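To start, the structure under review is shown below, and the notes come after it.
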Amino acid sequence: FDFRYDITDTEKSRVTLPFEITGRTSNVRVRTRTDLDNKWAFFAMALINADKDSALDFGREVGYYHGVDGGESWSEGSRDDTVYLPSVKPGSYYLRVEPETDASGVAYTIELTRDVPRVSYLLYAWTLLALPFLWVWFRRRSFETSRWQESDHPWVAEDDDDDE
């Protein structure tokens with residue numbers, strides 16, 4: 001959905017036409033893209049179920065600043081933002097967006113994508129699965145280090161500062 005915000009607009013809110021979210025209950029990614037330049041904007045949004053009159057209210061702030069200070073260029077923030085809404089049930093929905101900013105003539109795009117896989121969950125699972133193996137490796141290494149400590153060729157040598 002493409003929108004444009006102007007300070008002179010009498011109605012600041014924008015409402016999309018109804019759209020269908022099909023399939024099973026899943027997450028919905030809401031991606032906001034703007035053309036902000038050394039400005040900020042706050043977007044109060046609501047994903048409203050047209051059948052049940054229930055809403056998921058959320059807000060996102062986007063700000064992008066850049067410049068040159070002492071010959072060094074710098075930048076801060078981003079023109080884009082992404083949020084994930086968990087457990088959105090199938091049905092007919094519409095999106096209400098109400099921007100707040102002191103900038104005028106801001107163009108922004110809202111993109112909704114259903115059932116987006118989250119890579120972070122895979123990384124969490126790999127970490128949890130690796131913990132027992134790391135624990136066994138650490139215990140074995142500790143045992144072998146202490147066992148070889150008494151031999152003529154230890155794995156870890158103690159530093160003697162008296163030799164120098």
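Keep in mind that what you see is a predicted model, and the values were worked out from it rather than measured.
In W74, the CH2 atom is crowded: over 12 heavy atoms of neighbouring residues, nucleotides or ligands sit closer than 6.0 Å.
From F1, atom CZ reaches atom OG1 of T16 across 4.5 Å, with rounding to the nearest 0.5 Å. Of the inter-residue distances, the one linking I110 atom CD1 with D81 atom CG reads 9.0 Å to the nearest 0.5 angstrom. Distance check: T145 OG1 to R140 CZ gives 11.0 Å after rounding to the nearest 0.5 Å.
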Please step through side chain to side chain contact (heavy atoms under 4.5 Å, CB included) for the pair K52 and N49, ending with a clear verdict. CA-CA 6 Å; K52 299 180 182 174; N49 188 326; 4.0 Å; yes
Evaluate side chain to side chain contact (heavy atoms under 4.5 Å, CB included) for R79 paired with D35, printing each intermediate quantity in order. CA-CA 6 Å; R79 291 183 173 111; D35 65 350; 5.8 Å; no
For T109 and R33, run side chain to side chain donor-acceptor pair (under 3.5 Å): C-alpha distance rounded to whole Å, both residues' side-chain angles, the deciding distance at 0.1 Å, then the answer. CA-CA 5 Å; T109 302; R33 294 189 171 123; over 6 Å; no
Could you give me the CA-CA distance, side-chain angles and deciding distance for R29 and D115, then say whether salt bridge (Lys or Arg N to Asp or Glu O under 4.0 Å) is met? CA-CA 8 Å; R29 179 181 64 199; D115 201 14; over 6 Å; no
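With respect to S87, the side chain to side chain contact (heavy atoms under 4.5 Å, CB included) criterion is satisfied by exactly one of T25, N27, V28, L56: T25.
Proximity of R14 to D9: side-chain heavy atoms (C-beta onward) are separated by under 4.5 Å at one or more points.
Of the possible polar contacts, none joining the R24 side chain to the K89 backbone as a donor-acceptor pair under 3.5 Å is found. Between the side chain of S92 and the backbone N or O of A50 there is no donor-acceptor pair closer than 3.5 Å. Counting only distance, with no hydrogens or angles, the side chain of K12 and the backbone of V97 share no donor-acceptor pair below 3.5 Å. In this structure a side-chain-to-backbone donor-acceptor pair under 3.5 Å is missing from R96 to V15.
Applying the under-4.5 Å side-chain rule to Ile, Leu, Val, Met, Phe, Trp and Tyr, the cluster around L17 consists of that residue alone.
Among residues at least two apart or in separate chains, ring-ring contact (aromatic ring centres under 6.0 Å, His included) pairs with a member in residues 45-66 are Y64-H66. Among residues at least two apart or in separate chains, ring-ring contact (aromatic ring centres under 6.0 Å, His included) pairs with a member in residues 94-113 are F3-Y108, F43-Y108.
Here the closest heavy-atom approach between residue L95 and residue F19 is recorded as N-CE2, 3.9 Å. Taking every heavy atom of both residues into account, A55 and I48 meet most closely at CB-CG1, 3.8 Å. What you find for P90 and G23 is that their closest heavy atoms are CG-O, 3.0 Å. Between V88 and L85, the closest heavy-atom pair is CG2-O, 3.8 Å. Residues D80 and T34 share a closest heavy-atom pair of OD1-N, 4.0 Å.
For the ring pair (Phe, Tyr, Trp, His ring centres under 6.0 Å) test, no residue two or more places apart in sequence or in another chain qualifies with Y84. Listed by chain and number, the residues in a ring pair (Phe, Tyr, Trp, His ring centres under 6.0 Å) with Y93 amount to none (sequence neighbours excluded).
At a cut-off of 3.5 Å, with distance as the only test, no side-chain donor of T32 or R60 sits close to an acceptor on the other residue.
Connection of I21 to V83 is established within a shared hydrophobic cluster, with ILVMFWY side chains joined at heavy-atom distances below 4.5 Å, either directly or through further cluster members. L36 and F42 end up in different hydrophobic clusters when Ile, Leu, Val, Met, Phe, Trp and Tyr side chains are linked at under 4.5 Å.
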List the atom pairs, donor and acceptor, that lie under 3.5 Å between side-chain atoms in residues 100-107 and the rest of the protein, sequence neighbours left out.
unit_1	atom_1	unit_2	atom_2	d
T101	OG1	W40	O	2.4
T101	OG1	A103	N	3.2
S104	OG	D6	OD1	3.2
S104	OG	D6	OD2	3.4

